Amino acid sequence: PPPSPAPAGPATLAKLSVSKLKSLARYHGVNIAGCLEKAEMIAALKKAGVDDAAAEKEAARARGAEAPKADNRTEKEKDDERKAIDHANRRAAAKISEAETRAAAAEEEARKLKEQLEATKTSARKKWAPAFGSTPFIPGKEQDSQDPGFPPRSPAGGFGGPGGGGGGF
């Protein structure tokens with residue numbers, strides 16, 4: 001609902017609404033915690049030294065908030081303000097455009113880096129190949145060699161093994 005119109009005549013504490021009385025009490029530092037009735041609030045405010053002049057100021061402040069303010073600026077000041085707003089809007093649009101361009105370039109760079117990373121992942125997975133070539137075993141084609149594939153024996157006169165002489169102590 002729209003606010004009720006201000007009462008006619010000079011404003012007194014009794015003519016103010018309860019919410020206005022509460023704001024006056026807060027402004028003047030008056031404790032109205034135990035006051036339940038409007039009359040009790042008015043009595044507490046008057047006891048603290050708040051009179052009808054303060055009520056008039058509160059009413060005038062409320063009326064001032066409701067009344068539209070007159071524009072006392074000259075045409076040149078209004079034109080300068082319009083130009084400043086237009087200039088600020090153009091600068092903001094240019095900054096937004098520049099930021100969008102930089103963001104697109106950064107996204108493209110990130111896409112390229114991701115592609116490079118994916119490319120290195122697949123090339124690192126080379127096909128496995130043994131370090132040495134295999135020698136297939138074909139049955140029936142065994143070689144008749146004495147070499148079982150162990151390291152060579154120690155020379156004669158060495159320690160241990162056949163023909164090693166075993167120099168005892």
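Everything quoted here is computed from the prediction, not taken from an experiment. One is the number of the first residue; the rest follow in order along the sequence.
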- Message: Before you tell me yes or no, could you show the steps for Met41 and Val18 under side chain to side chain contact (heavy atoms under 4.5 Å, CB included), namely the whole-Å CA-CA distance, both residues' side-chain angles and the distance that decides it to 0.1 Å?
- Response: CA-CA 8 Å; Met41 291 180 196; Val18 173; 3.6 Å; yes

- Candidate pair Asp86 and Arg82, rule side chain to side chain contact (heavy atoms under 4.5 Å, CB included), full reasoning: CA-CA 6 Å; Asp86 185 45; Arg82 279 192 296 271; over 6 Å; no

- Go through the steps for Leu24 and Leu13 under the test side chain to side chain contact (heavy atoms under 4.5 Å, CB included), then give the verdict. CA-CA 10 Å; Leu24 263 179; Leu13 289 175; 3.8 Å; yes

- Message: With side chain to side chain contact (heavy atoms under 4.5 Å, CB included) as the criterion, how do Glu75 and Asp79 come out once you've worked through the C-alpha distance, each side chain's angles and the decisive distance to 0.1 Å?
- Response: CA-CA 6 Å; Glu75 283 300 316; Asp79 190 44; over 6 Å; no

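The shortest non-hydrogen separation linking Ala55 to Leu16 is CB-CD1, 3.6 Å. Heavy atoms only, all atoms of each residue included: Ala44 and Ile32 are closest at CB-CG2, 4.1 Å.
Classification of Glu118 and Lys114 as a salt-bridged pair fails, no side-chain N sitting under 4.0 Å from a carboxylate O. The pair Arg111-Glu107 does not meet the salt-bridge criterion, since no charged nitrogen lies less than 4.0 angstrom from a carboxylate oxygen.
Side-chain atoms of Glu40 come within 3.5 Å of backbone atoms of Leu36 as a donor-acceptor pair (strictly under, hydrogens ignored). Panel note: side chain Thr101, backbone Ser97; a donor-acceptor pair is recorded below 3.5 Å.
Side-chain atoms of Leu21 and Lys38, non-hydrogen and from C-beta on, do get closer than 4.5 Å to each other.
Within 6.0 Å of NZ on Lys57 lie no more than 12 heavy atoms contributed by other residues, nucleotides or ligands. Enclosure of atom CD in Glu115 by more than 12 non-hydrogen atoms of other residues, nucleotides or ligands within 6.0 angstrom is indicated.
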